[in-house]
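For reference, the structure discussed in these notes is given below.
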Amino acid sequence: MDKKFTEAHAWVKNELDACVKFWLDHGMDKEYGGVITCLDRKGQIFSRDKSIWMQGRCGWIFSYLCTVYGKKEEWLNASKSCLDFLEKYCHNEKCGGRLYFTVTGDGKPLRQRRYCHSENFYTIANAEYYYNTGDKEALEHARWGYEMVWNLNHGLIEDPVGAPPKTETATRQSRAHGDPMIYLNVSDIMRRCDPERKELYDARAKQCAEEIVKYFYKPELKCTLETVGMNGELQTDTVAGRVVNPGHDIEGSWFLLKEAIYEGNDELKEIAQNIYKNAIEAGWDDTYGGLLYFIDALGFPPEAYEHDMKLWWPHNEILIASLMFYKETGDEYYLNWFYKTLDYAKEHFADPEYGEWFGYLRRDGLPTEPPCKGSTFKGPFHVPRCLITLDQLMTEMEKNL
């Protein structure tokens with residue numbers, strides 16, 4: 001590869017080292033265990049309440065670092081700390097063991113949500129830890145979480161939380177894109193970490209990909225919708241039915257690409273490319289650069305106040321997807337988007353002085369003030385996953401010259 005690519009690879013590796021160090025230095029709770037993610041630019045804690053998503057995500061990322069780069073005691077200890085905190089404090093035994101959404105720093109319950117992403121991230125953390133340690137209890141926890149999410153997503157059990165749906169089902173029923181999209185990624189991790197049940201994970205991954213294409217991918221609108229009717233019906237006479245989250249679509253596009261490569265499915269590979277192109281071409285801000293957070297499928301004003309902000313994670317997903325598609329197709333279109341997004345990330349998200357990325361930018365690319373590096377929704381996940389994946393892809397591409 002050329003000098004530009006080599007320099008980009010070196011930057012990626014340096015960013016990864018800085019990101020991992022930031023969370024190990026500032027985020028790990030030595031008193032109660034787990035990770036604290038509400039951190040300002042320098043890593044100072046501004047809230048000790050803990051996100052359950054982040055316990056699972058952090059638990060996964062530090063085990064995944066071991067999977068990719070070899071086991072380090074510090075990484076495994078960080079992962080185990082999150083898993084232990086999850087088991088000790090985060091299950092709501094009154095609701096079938098489902099996990100909370102937030103708890104206090106010392107583990108007292110704060111909030112329960114009907115969404116089952118806490119269980120998704122609990123699943124992958126336990127699976128990856130098992131993969132590195134052979135801990136059978138962690139494997140059983142992963143399998144439990146995997147089944148719980150499947151059953152909830154497909155209405156096979158009554159949700160023990162008992163929370164009502166977002167809208168009155170007698171008036172309007174809908175599907176959420178995030179359910180099959182996230183479960184597709186979880187299935188991919190499970191079949192790698194738990195090959196004994198590979199056939200189950202293969203079947204469910206395939207079904208998730210089919211659901212995304214069947215219900216949410218709308219080539220006639222050149223977008224992938226976040227919410228549709230139960231049979232994929234358009235609900236474009238409503239604000240919610242027109243929501244497009246370009247970063248979400250781009251993240252899903254590389255999940256679909258991985259599945260397409262795994263299955264040898266050229267049709268799915270083409271659809272994944274179309275989803276990527278539709279999202280980045282509609283979502284990129286030609287005035288200030290960066291990807292808009294939400295857009296309306298028909299060009300109407302989005303309802304979310306934060307719709308024109310620039311968040312860290314969609315840009316992580318562009319970097320991963322662009323390089324994956326370029327590696328698979330050789331099409332310079334994807335490489336150009338990779339470099340364009342990398343330049344934007346270097347200028348606006350990266351923080352050479354303190355490490356990690358700013359989470360939230362205004363539309364003009366300046367961080368919200370005061371800036372933060374972590375929150376209830378931002379922790380050691382999207383940035384390190386992106387940088388690990390880029391490092392792997394770039395290393396492989398350099399070797400195959």
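- Between His141 and Tyr122, the ring planes are tilted. Angles from 30° to 60° get that label.
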Quick one, Tyr183 with Val149, criterion side-chain contact (heavy atoms from CB on, under 4.5 Å). Give me CA distance, side-chain angles, the key distance, then yes/no.
CA-CA 8 Å; Tyr183 201 76; Val149 175; 3.5 Å; yes
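- By the neighbour-count criterion of 12 heavy atoms within 6.0 Å, atom CD of Glu73 is sparsely surrounded, having that number or fewer from other residues, nucleotides or ligands.
- By the 30° and 60° cut-offs, the orientation of the rings of His117 relative to Phe121 is tilted.
- A salt bridge between Glu259 and Arg191 is present, with a side-chain N of the basic residue lying under 4.0 Å from a carboxylate O of the acidic one.
- In summary, Glu356 and Lys378 engage in a salt bridge, as defined by a charged side-chain N under 4.0 Å from a carboxylate O.
- Residues Ala78 and Met28 approach most closely at O-CE, 3.7 Å, considering heavy atoms.
- Note that Lys277 lies in the cation-pi zone of Tyr333, set by a 6.0 Å cut-off to the ring centre and a 45° limit from the axis.
- For the residue pair Tyr131/Arg192, the side-chain donor-acceptor check at 3.5 Å is not satisfied.
- Scored by the side chain to side chain contact (heavy atoms under 4.5 Å, CB included) test, Glu140 finds Arg143 as partners (sequence neighbours excluded).
- More than 12 heavy atoms of other residues, nucleotides or ligands sit less than 6.0 Å from atom CD of Glu369.
- No cation-pi contact links Lys108 to Tyr89, judged by a cut-off of 6.0 Å to the six-membered ring centre and 45° from its axis.
- Because its NZ or CZ atom is both nearer than 6.0 Å to the ring centre of Phe101 and within 45° of the ring axis, Arg113 counts as a cation-pi partner of that residue.
- Using a 3.5 Å distance cut-off with no hydrogens or angles, the side chains of Tyr262 and Asp188 do not pair a donor with an acceptor.
- Side-chain contact, Tyr360 with Ser375: a donor N or O sits under 3.5 Å from an acceptor N or O.
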Decide yes or no on side-chain contact (heavy atoms from CB on, under 4.5 Å) for Trp313 and Val383, but give the supporting numbers first.
CA-CA 7 Å; Trp313 67 264; Val383 175; over 6 Å; no
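- Note that CG of Leu291 and CE of Met309 are 13.0 Å apart. Values are rounded to the nearest 0.5 Å.
- Between Lys80 and Asp84, at least one side-chain nitrogen of the basic residue sits less than 4.0 Å from a carboxylate oxygen of the acidic one, meeting the salt-bridge criterion.
- The distance from the CD1 atom of Ile45 to the CG atom of Asp40 is 9.5 Å, given to the nearest 0.5 Å.
- Looking at heavy atoms from C-beta onward, Leu76 lies in side-chain contact with Cys66 at the 4.5 angstrom threshold.
- Side-chain contact, Glu317 with His382: a donor N or O sits under 3.5 Å from an acceptor N or O.
- Under 4.0 Å is where a charged nitrogen must lie from a carboxylate oxygen, and between Lys373 and Asp351 at least one such pair does.
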Would you please test Arg197 and Met190 for side-chain contact (heavy atoms from CB on, under 4.5 Å) and show each step?
CA-CA 8 Å; Arg197 297 190 177 183; Met190 288 296 290; over 6 Å; no
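- The minimum heavy-atom distance linking Ile61 with Pro380 is given by the pair CG2-O, 3.3 Å.
- Defined by atom type and a distance below 3.5 Å, a donor-acceptor pair is missing between the side-chain atoms of Asn245 and Glu226.
- Within the cation-pi definition used here (under 6.0 Å to the ring centroid, within 45° of the axis), Arg363 does not qualify as a partner of Tyr288.
- Using a 4.0 Å cut-off between charged side-chain N and carboxylate O, Lys4 and Asp2 make no salt bridge.
- Put simply, CG on Asn14 and NE2 on His9 are 10.0 Å apart, with the number rounded to the nearest 0.5 Å.
- Looking at Thr67 and Asn132, their side chains do bring a donor and an acceptor atom within 3.5 Å of each other.
- At a threshold of 4.5 Å between non-hydrogen side-chain atoms, the residues Val243 and Pro302 do not count as touching.
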Chi angles and distances behind the side-chain hydrogen bond (donor to acceptor under 3.5 Å, both in side chains) call for Asp331, Tyr326:
CA-CA 6 Å; Asp331 188 340; Tyr326 175 65; over 6 Å; no
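- Annotation: cation-pi geometry not satisfied between Lys136 and Tyr130 (NZ/CZ under 6.0 angstrom from ring centroid, within 45° of ring axis).
- Note on Arg242 versus Asp296: salt bridge recorded, some NZ/NE/NH1/NH2 to OD/OE distance being below 4.0 Å.
- Under the 3.5 Å distance criterion, with hydrogens and angles disregarded, a donor-acceptor pair is assigned to the side chains of Tyr146 and Ser187.
- Counting heavy atoms of neighbouring residues, nucleotides and ligands inside a 6.0 Å radius, atom CD of Glu281 exceeds 12 of them.
- A side-chain donor-acceptor contact under 3.5 Å links Glu15 and Trp357.
- Other residues, nucleotides and ligands contribute only 12 or fewer heavy atoms inside 6.0 Å of the CD atom of Glu74.
- Ile124 has its side chain out of reach of Tyr64: every pair of non-hydrogen atoms, C-beta onward, lies at least 4.5 Å apart.
- With respect to Glu353 and Arg41, a salt bridge is recorded, a charged nitrogen being found less than 4.0 Å from a carboxylate O.
- Trp312 has its ring centre no less than 6.0 Å from the ring centre of Phe358.
- Checked against a 6.0 Å centroid threshold, the rings of Tyr276 and Tyr334 count as neighbours.
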Yes or no on side-chain contact (heavy atoms from CB on, under 4.5 Å) for Asp159 and Arg98, after CA distance, side-chain angles and deciding distance?
CA-CA 9 Å; Asp159 187 351; Arg98 286 206 56 193; 3.0 Å; yes
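- Surrounding CD of Gln44 are at most 12 heavy atoms belonging to other residues, nucleotides or ligands under 6.0 Å away.
- Of the possible donor and acceptor atoms, none in the side chain of Thr224 sits under 3.5 Å from a partner among the backbone N and O of Asp249.
- Relative to the ring axis of Tyr293, Lys310 does not place its NZ or CZ within 45° and under 6.0 Å from the centre.
- A donor-acceptor pair under 3.5 Å is absent between the side-chain atoms of Gln55 and the main chain of Ser118, judged by distance alone.
- Salt-bridge annotation for Arg204 and Glu147: present, with a side-chain N of the basic residue lying under 4.0 Å from a carboxylate O of the acidic one.
- Applying the side chain to side chain donor-acceptor pair (under 3.5 Å) criterion to Glu211, with sequence neighbours excluded, gives His154, Gln207.
- The closest side-chain heavy-atom distance from Leu65 to Ile388 is below 4.5 Å.
- Lys218 NZ: more than 12 foreign heavy atoms inside a 6.0 Å radius.
- Between Asp49 and Val103, the closest side-chain pair of non-hydrogen atoms is not below 4.5 Å.
- Side-chain atoms of Arg175 come within 3.5 Å of backbone atoms of Met230 as a donor-acceptor pair (strictly under, hydrogens ignored).
- Note that CD of Glu7 and CG of Leu342 are 11.0 Å apart. Values are rounded to the nearest 0.5 Å.
- A cation-pi geometry, defined here as NZ or CZ lying under 6.0 Å from the six-membered ring centre and within 45° of its normal, holds between Lys346 and Trp11.
- Heavy-atom neighbours of Arg48 CZ from other residues, nucleotides or ligands within 6.0 Å: at or below the threshold of 12.
- Applying the 6.0 Å contact sphere to CD of Glu137 captures no more than 12 heavy atoms from other residues, nucleotides or ligands.
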